[in-house]
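Okay, so here's the structure we're looking at.
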Amino acid sequence: MSSVPLERRRALQTDRVERFRRMVEIRSFEDRVKDLFAEGIVHGTTHTCQGQEAVAVGIAAAARPTDQVTCTYRGHGVALALGVTGESVLAEIMGRVGGSVGGVGGSMHLCEPEVGLLPTFAIIGAGIPVAAGAALTAQVNGTDDAAIAVFGDGASNIGAFHEGINLAAIWKLPVVFVCENNQYGEYSRIDVTTPIEDLADRAVSYGIPGVIVNGQDPDAVEQAMNTALARARAGDGPSLLEAKTYRYAGHSRADTAPYRVPGEFERWYERDPINTFRARLIDEGVLTAESAEQLEKAVGGALEELVAQVKESPFPEPAAMFRNVYA
Amino acid sequence: MSSVPLERRRALQTDRVERFRRMVEIRSFEDRVKDLFAEGIVHGTTHTCQGQEAVAVGIAAAARPTDQVTCTYRGHGVALALGVTGESVLAEIMGRVGGSVGGVGGSMHLCEPEVGLLPTFAIIGAGIPVAAGAALTAQVNGTDDAAIAVFGDGASNIGAFHEGINLAAIWKLPVVFVCENNQYGEYSRIDVTTPIEDLADRAVSYGIPGVIVNGQDPDAVEQAMNTALARARAGDGPSLLEAKTYRYAGHSRADTAPYRVPGEFERWYERDPINTFRARLIDEGVLTAESAEQLEKAVGGALEELVAQVKESPFPEPAAMFRNVYA
Amino acid sequence: MPKMRMNQAIAAGIADEMRADASVVVLGEDVAAAGGPFKTSDGLLDEFGPLRVRDTPISEMGFVGAAVGAACTGLRPVVEIMFVEFLGVALDQVSTEAAKFHYLSGGKVTVPMVVRASVGAGLGFGAQHSQTLETWMFATPGLKLAVASSPQNAYGLIRSAIRDPNPVVVLEPRVLYATRGDVETGDDQLVQLGSAQLAESGDDVTIVTLGAMVRTVLEATAMASWSADVIDLRSLLPWDVEAVLFSVERTGRLVLVEESPFTGGWGVEVAARLAGEGFRHLTAPITRITCPDVPVPFGKELEARFLPSAEYVVSQVDELLATGSLPSPWWKKKESR
Amino acid sequence: MPKMRMNQAIAAGIADEMRADASVVVLGEDVAAAGGPFKTSDGLLDEFGPLRVRDTPISEMGFVGAAVGAACTGLRPVVEIMFVEFLGVALDQVSTEAAKFHYLSGGKVTVPMVVRASVGAGLGFGAQHSQTLETWMFATPGLKLAVASSPQNAYGLIRSAIRDPNPVVVLEPRVLYATRGDVETGDDQLVQLGSAQLAESGDDVTIVTLGAMVRTVLEATAMASWSADVIDLRSLLPWDVEAVLFSVERTGRLVLVEESPFTGGWGVEVAARLAGEGFRHLTAPITRITCPDVPVPFGKELEARFLPSAEYVVSQVDELLATGSLPSPWWKKKESR
Ligand SMILES: Cc1ncc(C[n+]2csc(CCOP(=O)(O)OP(=O)(O)O)c2C)c(N)n1
Ligand SMILES: Cc1ncc(C[n+]2csc(CCOP(=O)(O)OP(=O)(O)O)c2C)c(N)n1
Ligand SMILES: [Mg+2]
Ligand SMILES: [Mg+2]
């Protein structure tokens, strides 16, 4: 069977231009979401992932649609990378019937089993043992699918991180733990909350590989994921990947990130994942400056159409709140 | 001010014969407790620590009475070592008015602030962040007291272990985390639940010293504690000590430990902490075979008197259950 | 009919579901090699093997969370929480994740998992290992909650819980694990979640109870001068409002017997509902017979005093019937304290 | 009198206690440098310094546990739980440790700590960040539990909670943080834990409520044709039974307005108690006006529908007074759903 999300996912598997396009799609999507909130036409809160696109796309490129992924409230990028449509994500953020979970969840709650996206997590760390459990299913059923938990640097200080990884390690579950170290947990820089520099070192506590990955480079993320996934599928157990990256936006809608270390943003922006990848593809002759520009324009245009369309789409009826409470 | 618990504590500080006596006291106390339960004259459950005496006594010898200690339901030995009287502990186990907490707690619940014993913990791992908090008090008040958390190998797999040590490390709190690795968590050997050999390695996750200690030797435990406590008092933060030892008894009253690996008990018994320490003190000429034997007889005799006395002591009135619910 | 202890009946119920459905797995501390700290999974490892029956590290958040993930992806995990208090380190996964995932997936994901926990006092485990804590899980849309009171319904409830497509918490009174009783096994013995059982019928009063207190209440009615409809709720989420209303319409009097604190115990939900929907049928104050608002004390005598006894139930109901007004609890009657 | 937003009043109350008592410390995620995610500790770091005002890692079990240890040894920690749901990863330290340590130390140890948590819906935070969850902490002897409803009582409650020798959980409706109101500061403004406030008096009915619903109820009475005693409980553990009984003796009618699920919400305790001790004064069914039994939905319209509105309170009480019988909730009235 096929479907738009699955096709969007498959497109990433081989085609690096599609990966570039997806990164651009995520960046512009998140920028637009911030604006929509700023305009005050969206209720609630949102957490965007500008700057972290390479992690999402690298993971989606390496994983199978049948691999199960848990990610966080900062999940728009991961969802789009896995193949979830912009319409599904934006409509959920805007609380419309067409949203990923029918508009009753909001920005923090997306889900698309078709491409392996389990419900996203608004509670820090909660997705880590849940990913171990999805890997348990694969182990019990004897498939060679794997699970992937995506979480932040701040999440590495919560108990569920320790318990979930330890459990996966002792049972040699096929799971890859990907820590997106974007340097901040909410308004606190990692060095305020975490006594070590490299979170990958925490793998020592579980006797599993701990790997530092350049989170600015989708190719690097893909390669590290391929290695970790191969190990998982072979029955050799989990790995902990630390993708070093940076959060361009504030923590959530309102946050202007006044706490940022001066010059830090600029330093990271020099290594911007989209600019770097664009340059590489141009070097490789896969793209030209012109084709890249056209691609970016096209993505921007499509996004505007999408926004207009979702703005017009209906809200759920009150009755919707009573659906899906029990199966 | 002084008191029996304080004097019992001070006695350990310099006098190694007293340390030997205390180890013997703990061993015979725990053996006797097991019998009392076997006789069925005690209600509920109990967890004894035969084989782990050197850890308790080594800690008590190194720590000050003003240092704060959190330990577990397997806490009779630690309590006695810190100076709590046998009467207070036994009366609590037997639910008598004279018990450490008035007889309403039972075997798992002891407390004696006079010698730094905070309420003991029946929930795995819970005492670890609580010890960090006691260390926070010392840090905020600018005293050079420290805190000590005593917990088991199994507890190193629970979230509170991770969160409590991480918090202490980032705040450089004066606390020593002592993991009594007695090889088993309930009926499960550590290798069934824990993917690494040395729990001290988990210190890497927090950037603190992780030290393996011979838990069969009170001198070794004392020395390691002295180093860790000095570091804590100096403001350099916590340490994780792993005391390798062995649980002679079953997990709790009913458990006969059928799951034990054959020969394991015998191997550990060759390194029995009491026998080893006795031999050392005799070598050193501090004890003779005769004086040691007399000492052990005396301890046994005193214990029998204690048991007889506590058996005669009163149970709490029903009204007791309404006391100390709120301060 | 075979006699079984309640812990054996639970193991038998799990085993029957494991035979019927290869996706059922069992996780918990010492549930495999040791057959469970209370022998509620005895024999499962031997029959179903280490892939499906697993000893976990001491990581309730970790293995309950793993059960959530396994349930979302096709397994039917049965998780053991040795003492219900340990949900205090794992409640997030039950109440905030599992109970809400069907909703937060727009119905795309279901979470067919069971959390079994032993509850209650009477064995001298002390204040941190003797509570029932139904109310930690009560006000939780998306969750189901059942409480066993006999070997027979423990067998039926666990099987229904495992078959349910929703997360279900099953509370098992620890003091009953050793109780022997006739247990009819087989598919006809499933107990529908949300259905109460009329354990005994009578005319003077409706007594609603559950768990270990069912036995206490039946002891009480056996020695009482009055007769009662004794309703064993068996489930709290959902609970059988109709059964209670139906009885109170006839008796006009509602008494709750609970092994829980006086303030906020599970019975207040039943009382509140009846004080609304049953109001015009009530001829006497709704009476709650509970434990006092204190941590569970250790010690045979104290613990026995702490728990509602059959004699106490009789005397409270006697007083209610005689005076028509609310009997105050023993701890408010100076003399008896 | 100075006007303050509720978050400012809370910060002011904490600051006053920190000035009065050097043992008061503040812990939580982003409470120091950022002044709190909801600005409820703004300015504390500057005035009291990094030793007493601390940003924590994302480790609720860790820092709540640390607060327990600090409280046992002489400090008075005030811990912030950003959203009450996060207690799902830390409940053990509050309910099983802190609440029982005075008891389990034979009175040798006290645990003077405060856990502040923001609660409630109305801001579009979705199902995992919008609940009130009073009942997670309700049936817990040894614990105190308060709920703020205005800048003034938020100021008074936090100060009383900090001074209390017991562990106290203070719930703060998030939707009220931005509400401005007159706040009288100073020692006379402490609010005794366990004392309700008669927010308005009337004759036809007694409405018991707390938290964000107080405002809703006062909006309702302003437009209603009937008059009510409006009782803001302010504390749930202990709660002011006398105040409610006293009013119901006069009005004969009890209505609860709760931002909580219909099944098992906090109001069932009040209803149950009155259905016992107040039975002979009741002339009408006890009526609970609550949210439906569903996870909190996202979306302005859905969330507004989910929460009891002033109009809804008016119409339910109108129906109760007109018919004398229990009005069914809107979601059971086919048309309105
Ligand atoms: C248990 C819990 N505690 C606190 C929060 C509030 N919170 C939401 S996001 C966040 C920061 C998380 O930081 P990190 O893990 O680095 O992820 P990032 O936001 O940087 O992607 C916090 C503290 C939460 N959602 N859950
Ligand atoms: C949170 C929690 N989970 C489970 C238990 C049940 N339990 C009591 S003791 C124990 C084993 C602990 O092993 P370890 O930490 O090695 O300590 P030991 O008993 O060997 O001293 C377990 C699982 C508990 N008390 N608390
Ligand atoms: Mg981060
Ligand atoms: Mg052990």
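Lettering of chains follows the sequences in order, A, B, ..., and the numbering in each one begins at 1.
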(request) Pick one of side chain, backbone, both or neither for A:I196, based on which atoms fall under 4.5 Å of a heavy atom in chain B. (result) side chain

(message) If we count only N and O atoms by modelled type, under 3.5 Å, do the side chains of A:N226 and A:R231 hold a donor and an acceptor together?
(response) no

(request) Go through A:D198, A:I208, A:V204, A:D201 and name the one with the most non-hydrogen pairs under 4.5 angstrom from chain B. (result) A:V204

(request) For chain A, find which of B:S156, B:G159, B:S205 contributes the most heavy-atom pairs closer than 4.5 angstrom. (result) B:S205

(message) Please determine whether a side-chain nitrogen of the Lys or Arg among B:R64 and B:D144 lies less than 4.0 Å from a carboxylate oxygen of the Asp or Glu.
(response) yes

(message) If the threshold is 4.0 Å, N to carboxylate O, is there a salt bridge linking B:D217 and B:R271?
(response) no

(message) Minimum heavy-atom separation for B:I128 and B:G164, please, with both atom names.
(response) CG2-CA, 4.2 Å

